[in-house]
J.: 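Have a look at this one before I ask anything.
Values reported hereafter were calculated over all heavy atoms of this structure, with side chains retained and with hydrogens, waters and symmetry mates removed. Below, chains carry the letters A, B, ... as their sequence lines are ordered, and counting in each starts from 1.
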Amino acid sequence: MGCEITTKERAGVINPMYDCQPAGAQFAGIGIKDSIPLVHGGQGCCMFVRLLFAQHFKENFDIASTSLHEDSAVFGGHKRIQDGVMVLAQRYPDLRVIPLITTCSTEVIGDDIEGNIAQCNAALKEAFPGRKIHIVPVHTPSFKGSQVGGYSECLLSVIKTIATHKGAPNGKLNLFPGWVNPGDVMLLKRYMREMDVDATVFMDTEDFDSPMMPDKSIHTHGRTTVEDIAGAANAIGSLALARYEGGTSAQYLQTEFEVPNTQLNSPYGIANTDAMLQAVSRITGKPIPESLVRERGIAIDALQDLAHMFFAGKRVALFGHPDLVIGLAQFCLEVELKPVLLLLGDDNSKYKKDPRILDLKAKADWDMEVVCNADLWELEKRVKNPDYQIDLILGHSKGRYVAIEHNIPMVRVGFPTFDRAGLYRKPTMGYQGAMDLGESIANTLFAHMEFNKDREWLLNTW
Amino acid sequence: MGCEITTKERAGVINPMYDCQPAGAQFAGIGIKDSIPLVHGGQGCCMFVRLLFAQHFKENFDIASTSLHEDSAVFGGHKRIQDGVMVLAQRYPDLRVIPLITTCSTEVIGDDIEGNIAQCNAALKEAFPGRKIHIVPVHTPSFKGSQVGGYSECLLSVIKTIATHKGAPNGKLNLFPGWVNPGDVMLLKRYMREMDVDATVFMDTEDFDSPMMPDKSIHTHGRTTVEDIAGAANAIGSLALARYEGGTSAQYLQTEFEVPNTQLNSPYGIANTDAMLQAVSRITGKPIPESLVRERGIAIDALQDLAHMFFAGKRVALFGHPDLVIGLAQFCLEVELKPVLLLLGDDNSKYKKDPRILDLKAKADWDMEVVCNADLWELEKRVKNPDYQIDLILGHSKGRYVAIEHNIPMVRVGFPTFDRAGLYRKPTMGYQGAMDLGESIANTLFAHMEFNKDREWLLNTW
Amino acid sequence: MPMVLLECDKDIPERERHIYLKVDGEDTRDFLPISNAPTIPGTLSERGCSFCGAKLVIGGVLKDTIQMIHGPIGCAYDTWHTKRYPTDNGHFNLKYVWSTDMKESHIVFGGEKRLEKSMHEAFDEMPDIKRMIVYTTCPTALIGDDIRAVAKRVMGDRPDVDIFTCECPGFAGVSQSKGHHVLNIGWVNEKVGTVEPEITSKYTINFIGDYNIGGDTQLLQKYWDKLGIQVIAHFTGNANYDDLRGMHRAQLNVVNCARSAGYIANELKKRYGIPRLDIDSWGFNYMAEGIRKVCTFFGIEEKGEALIAEEYAKWKPQLDWYKERLKGTKMAIWTGGPRLWHWTKSVEDDLGVQVVAMSSKFGHQEDFEKVIARGQSGTYYIDDGNELEFFEIIGLVKPDVIFTGPRVGELVKKLHIPYINGHAYHNGPYMGFEGFVNLARDMYNAVHNPLLTLAATDIRGTTAATSLEAAE
Amino acid sequence: MPMVLLECDKDIPERERHIYLKVDGEDTRDFLPISNAPTIPGTLSERGCSFCGAKLVIGGVLKDTIQMIHGPIGCAYDTWHTKRYPTDNGHFNLKYVWSTDMKESHIVFGGEKRLEKSMHEAFDEMPDIKRMIVYTTCPTALIGDDIRAVAKRVMGDRPDVDIFTCECPGFAGVSQSKGHHVLNIGWVNEKVGTVEPEITSKYTINFIGDYNIGGDTQLLQKYWDKLGIQVIAHFTGNANYDDLRGMHRAQLNVVNCARSAGYIANELKKRYGIPRLDIDSWGFNYMAEGIRKVCTFFGIEEKGEALIAEEYAKWKPQLDWYKERLKGTKMAIWTGGPRLWHWTKSVEDDLGVQVVAMSSKFGHQEDFEKVIARGQSGTYYIDDGNELEFFEIIGLVKPDVIFTGPRVGELVKKLHIPYINGHAYHNGPYMGFEGFVNLARDMYNAVHNPLLTLAATDIRGTTAATSLEAAE
């Protein structure tokens, strides 16, 4: 009994859980309105990330490349940066932000990003007088951290570049949800509306779920504007809802502009959502409305039908983004699921000291293992090992074959979830998210009982 | 090629699709606020129906019985009606409506329901001066029709009993959605809100999905009030969204109180929803808002990812309530699913002349069969028959074993859906319902591919 | 005032005679609730009908038998997908239900032809099935269809089939209990003795009043196998129709549920001289005692002790783990009747659980005698409790968990009280040693449920317990 | 003006040299788009990198081979779950990806030890697998890790394994095409001739440039089986690593994708004298022609005719059903390169479909020569098209369907144009007779899609086409 925190022992990776830093930076970069990230590296560094986003969201996102070739490897990529910026500015007249994202190759070559940006700014000023394009330097060598840190790094750099001075207080709340789905962003925005709180979500990805319109207009882009970002410095407070995805930005706003920051547990499950709403209420002075109390009650009501009948004692393996995995492990405890294996996929040394993990460790009166720097081979080995008796996997679609091969029920959650339809639209946070996720887990277990003809008759009446 | 409309040839039924009339009447009866239906018959006639509702909604509903025993079979059940009404009135001080629902036994015995109600009314007036309880006579012999007609019958009788005179116009729209889930009711109410239309839903079952509240209050009841019902006569119009479930009530309001009735296709799928919104717009003069145009676009966008890649040519069997089955068959055509088998479960002779079925018949350039008065053995026989090649079943949980035994993907839809969690909360109508249903179908097909290791690798990227 | 008139019953004072609050020193000589009496109309009782007592509880359990319900469609529809009694042949009994789908014309002109046609169809459609039970329902009983005559004709036409008829319409009696009785007596009258079972052991029993809920029968069968005892008939868990025709050949009738099947045990004793031995199959103490009694009867005590020792070694530590965590838990039991007395003392002895209120849907006087004898003082004993009474009793005794059906479970959930399915179990089986550990586990999971604490928290309060803001 | 400067390209006029609008009477003597040239930065081109050309397109198809990617994690992560090439051994190639997960310290101090350890680990973890390809990536190439030396050491330590190294970082060349080339030449240099295949037929071929997309290889294998032709190596669909080491023993190289694998065919001809025969495997006419050519080579013409007749009898009626419904459909092809010329005439001849615009990501001059020769007048031929160009071209030619990748598919969806996955297929295989019927079916389903009509309807308009109010 008890919780062991370990680290993958192998040097190499078989089936990674996360992509590299530039991928995360690109995700943050597309969350801004009128923004096209420019990835400084080989073409694959943006092409496959664009494909990944398309797989998950079933949408196209505009991301450009400096198309680094051998000559740049030898002579440096300066010209390609400057050409790329100018071509984007010329051909996209509405463009206002270009996150300039480095990669392993251009970091190894050592291109002077800041110097190039200065040159670009001068050239732009001359070519487009009266137009302001923010070129954001984003240093994301692929050989450090992962997409998780890359997301955070780009977000921070965007804020540093655009939110440059303190203005009049705008009465708004900054919300940093981390790398979440449009469904979560929509949920958070709805909660703020219901609380009558004016909030800005960094980044507002609601339109990553975008329509086919009769006029053929394309709406697939971030909603967070340059003004929103500039205004972050003037907010009444920041809520950091993810420790590893944007927490540094909220912290920066506090340090630089005295915008008070509250670091919260990610609002997965009932109690974490309670804490979020109570924090919003405390900061804004607005009461939690009856509508959310009712939604909370409906979620608890729905989960109560499932918890002790179907979930109790089920052994769960979780993998994915760290804030998600930890938050879902907390949710599992609320509904009597037993998180026995948490896999975190990069070498961030902070995970081991995360207060939420320490709290789980303190509570664990069952066998629990947290594997840091894990890959999905660590999952597969444990799923194959009868000692682990994994009953359920919660994770993203890159782990799909572990579930398929070993006939373990798996609920897709996190990023990417390309082998299920519509998940990006569904919330996982908040009361509704907890309920929807609980019901997805139940329905996945039910289908599994039926396929395997394993007590499927239980469901004749429950 | 072409559509054949047939009728089950057997006399008996193996695995019925619908319950009997009193069950449908009870469902309509619990949709009213401060109403407890009183079922005049054996105790099982309400006890099992209450269980059925609990299985589907995971909620308790209050329904009383006159507890008919042998003596009543010989001497008539008058005293048990009058005792039952009085006991309910005494013990439930908020009670305002008692639908008095007959059954096979009491119809065979021939109890004088209307006479008994007159006596009850007199007794109530004496016992509770100043209090008005509407006792609604509902004649639903179990040996006629099915739950479908029983629902319609109870609704009509409630309207006839309570909406007794024309008053000042109230500017409202009457919506008769038929026997649908709270999720559909919530969707319809949201659509009306977004259109800025004041509408009354008969019956408003939103609270059939009810919370656990900190104060332990119980909210599980219909929301349609006596005032709402009385006001139906003063509306600017009625929309009958189901031909067999409430259509007669809308028609009655037109005949009796000149409330214009519009009979629409049930709003399953995109085009039927379009027609509904356009009808609302025409009647009320309110424009369709941008928000619904956007929701429509998102639904089409999501379905387009699925239609020609995963759905095209898939052979679908549908069973359940007639308006649902017909509506979903129309939806199937929109997303390139091929409805090859429609099962309608009672002997209502109108189905064969339903304009929607005739329209499907006219369009069918593939083999399609509509079986009237069908039971689920008709489904099972065809699923076993290799000529039919059923790829997908859409229907309620009473057909679950046909899918389980024969390894056919099945999406639960309709009533009851007791072997899946939370479906009552999900809309099936409207743009969102179409999208959610389409995505459920896709995800069910995907899980099936994975379990059977049948081209599960397709989903590695799509 | 040991008989209790609840506040909610002030307008129906006759309910006082149905509710008893036991006081130290009292017993059933002093007070015994009225039971098996008609329900007051409009009270929102929990009772079903006698048809379901026959079809749903007993007959419908059989794994090789068509259940032909002669009546309108609802009687079939409603007694399908409401039970959890699996079988070892793929749950034929759970998958299908049959109805003659009576319509108005048959009410007017009689439904016998319809029945006959439906019976032939059913056999034609399912050619592997050769056994059938035909049930009347309210309207076919009222119009006087002669289902016995029809069954005889069909058997004449089909020499390879056997058909039993059960004439027990929903309005008969006051509860499902009447249906149990009718089926029991009908079966012993017409079917017992018509098949000679193959005898494979010198120790033979019938195991009566067990319906394989959640796999109970299959679990206990392991014990009989280990003891070398042949069960000629399970009445009726996981049983074949013809098994029950050979009940007359058992040396002993071991009775679990005396309420639903004591009748047939009594008749088998009267007609065939087979002794009746009542046991309790739920709980460690009871199960051990039951095994001892049966083994004593056959003189195989040492086998019984070996089995008990083996099972104790395997399961007692788990039971004790739960007992440690469940003791003092307050439990209510609102089920049919017999489980009140089966469970009240076993959960007390084996798990340290206090049963604080019990309500019986269809128990008779002898059930109340048993439960009051076994139950505690300070506990409410209720006959045919209704919804308002339940609310009031909950306020009085504040149970931590209620064993009842799923619908009532949903109701009490709103009051933040978890339920365990007292009819079909949450995750059974619950009989035997392993089964009682399952029950303990389910109770533990129900009671130790973080959602209940969360449900009770008002997040608008300033001292909300759930404010878990992370420390920096 | 057959070379076209689009409106969106006014600021990058050099793009005029990449876009050709064919006019009657012109041919490639007159105009040939520039191709295989560097992409203009910031243009939102569709190109990938050369690493993916080697790993993702060719090497990663092998069904028994570890693909060890020496670099940061992204190069592995991004070339996993992006392809649809199943295998007959349960898709080992699709399930796994391997990375040395390079970190900063390895960039500073060198990554060879890390690589060596990762290679040993991979073989240890998957003891059934004995073959490996090691790839460099941008940073490991830049720091100069010697992966060949490491591979040699590991092979020294593990006599039962064989390892191939592919040094093709992402920045090499201008597109994935460079990666094809590097892998082709490397393989023939180092691996061909190191295994002697078992010869089981007197007719032997290599089938080159087919990656079993959607099951293509497995479908065509049925034809080779019927013809009695042994395929020594599929390069690389559904192939084992060692199959490809025996390519020198084939009598004939049948080449499908000349762009990705023509190199190895040429080398095999040069070094081993094996003739090269290019065929098209998509389309009825082409497939029949290809079979005829191969059979003629072996002198088994009658077998070929029999096969073609059989396949035509089976599939031609279905093809014609679709042709009847597709003729006049306007199609665009935006894929890698060769499929432009494979498909443009086959869809025209077999399905009556008009290809109105084509864009190639990585085609070379010879690809444009072929496609312009086969393609129609009035059609646009584009090298390395970018997003704004696509929009403009769509406005000009108004295609009914576009064969392209899923991301671009999602983009053109907003314009109410359905796409078919031109890389991985929608529901393949698409090669061969049956496959071309699949393609026709997918195209039919894409084009005849009620959602497209619905998408175009503005429900706020008064004359909405979807007002389907039921007649009373």
J.: What part of B:Gln330 gets within 4.5 angstrom of chain D, counting heavy atoms only: side chain, backbone, both, or neither?
T.: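 B:Gln330 has no heavy atom closer than 4.5 Å to chain D.
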J.: For D:Met331, which of D:Val353, D:Ile402, D:Ile420 qualifies under side chain to side chain contact (heavy atoms under 4.5 Å, CB included)?
T.: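 Of the listed residues D:Val353, D:Ile402, D:Ile420, the side chain to side chain contact (heavy atoms under 4.5 Å, CB included) partner of D:Met331 is D:Val353.
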J.: At what distance, to the nearest 0.5 angstrom, does CD of B:Gln304 lie from CD of D:Glu410?
T.: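 These two atoms lie 9.0 Å from each other.
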J.: Would you confirm whether D:Thr236, through its side chain, and D:Tyr211, through its main-chain N or O, come within 3.5 Å as a donor-acceptor pair?
T.: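 Absent.
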J.: Looking at D:Pro86, D:Ala455, D:Gly405, which makes the most heavy-atom pairs under 4.5 Å with chain B?
T.: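 The residue among D:Pro86, D:Ala455, D:Gly405 with the greatest pair count is D:Pro86.
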J.: Taking ring pair (Phe, Tyr, Trp, His ring centres under 6.0 Å) as the definition, give me every residue that meets it alongside B:Phe176, ordered by chain and number, with sequence neighbours left out.
T.: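 In terms of ring pair (Phe, Tyr, Trp, His ring centres under 6.0 Å), with neighbours along the sequence ignored, B:Phe176 is linked to B:Phe202.
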J.: Between B:Ser291 and B:Glu194, does any side-chain donor sit less than 3.5 Å from a side-chain acceptor?
T.: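 The answer is yes; a qualifying pair exists.
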J.: Tell me the closest heavy-atom pair linking B:Ala329 and B:Leu318, and the distance in Å.
T.: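 Taking B:Ala329 first and B:Leu318 second, the nearest heavy atoms are N-CD2, 3.9 Å.
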J.: Please assess D:Phe362 against D:His180 for the test ring pair (Phe, Tyr, Trp, His ring centres under 6.0 Å), listing each intermediate value before the final yes or no.
T.: CA-CA 11 Å; D:Phe362 56 75; D:His180 309 153; 5.1 Å; yes
J.: What residues of residues 424-440 of chain D sit under 4.5 Å from chain B when you count only heavy atoms?
T.: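 The list, in residue order, reads D:His426, D:Asn427.
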J.: Okay, side chain of B:Ser266, backbone of B:Leu241: is any donor-acceptor separation there less than 3.5 Å?
T.: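 Checking the backbone N and O of B:Leu241 against the side chain of B:Ser266, a donor-acceptor pair under 3.5 Å is found.
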J.: Does the side chain of D:His234 come under 3.5 Å of the side chain of D:Gln221 through a donor N or O and an acceptor N or O?
T.: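 Short answer, yes.
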J.: Can you tell me which residue among B:Leu277, B:Ile270, B:Asn272 is in a side chain to side chain contact (heavy atoms under 4.5 Å, CB included) with B:Asp274?
T.: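 Testing each of B:Leu277, B:Ile270, B:Asn272 against B:Asp274, the sole residue satisfying side chain to side chain contact (heavy atoms under 4.5 Å, CB included) is B:Ile270.
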J.: Taking side chain as everything from C-beta outward and backbone as N, CA, C, O, which of these in B:Leu292 sits under 4.5 Å from a heavy atom of chain D? Side chain, backbone, both or neither.
T.: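 No part of B:Leu292 comes within 4.5 Å of chain D.
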J.: So which bits of residues 317-330 of chain D come within less than 4.5 Å of chain B, counting non-hydrogen atoms only?
T.: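 At a heavy-atom separation under 4.5 Å, chain B is reached by no residue of residues 317-330 of chain D.
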J.: Who in residues 88-96 of chain D is close to chain B, using a strict under-4.5 Å heavy-atom cut-off?
T.: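 Residues in range: D:His91, D:Leu94.
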J.: Quick check against the 3.5 Å criterion: does B:Asn443 have a side-chain atom that pairs as donor or acceptor with the backbone of B:Glu439?
T.: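 Yes, B:Asn443 side chain to B:Glu439 backbone: donor-acceptor pair under 3.5 Å.
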J.: Can any side-chain N or O of D:Arg84 pair as donor or acceptor with the backbone N or O of B:Leu458 at less than 3.5 Å?
T.: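 A pair under 3.5 Å: yes.
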J.: Any idea which heavy atoms bring D:Gly59 and D:Ile133 closest together, and the distance?
T.: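 Taking D:Gly59 first and D:Ile133 second, the nearest heavy atoms are CA-CD1, 4.0 Å.
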J.: Under 4.5 Å from any heavy atom of chain B, what part of D:Asn421 do you find: side chain, backbone, both or neither?
T.: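 Contact with chain B involves no heavy atom of D:Asn421 at all.
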J.: Atom CD of residue position B:Glu290 - does it have more than 12 heavy atoms of other residues, nucleotides or ligands inside 6.0 Å?
T.: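 More than 12 within 6.0 Å, yes.
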J.: If only atom types and distance count, is the side chain of D:Arg339 paired as donor or acceptor with the main-chain N or O of D:Gly422 below 3.5 Å?
T.: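 Checking the backbone N and O of D:Gly422 against the side chain of D:Arg339, a donor-acceptor pair under 3.5 Å is found.
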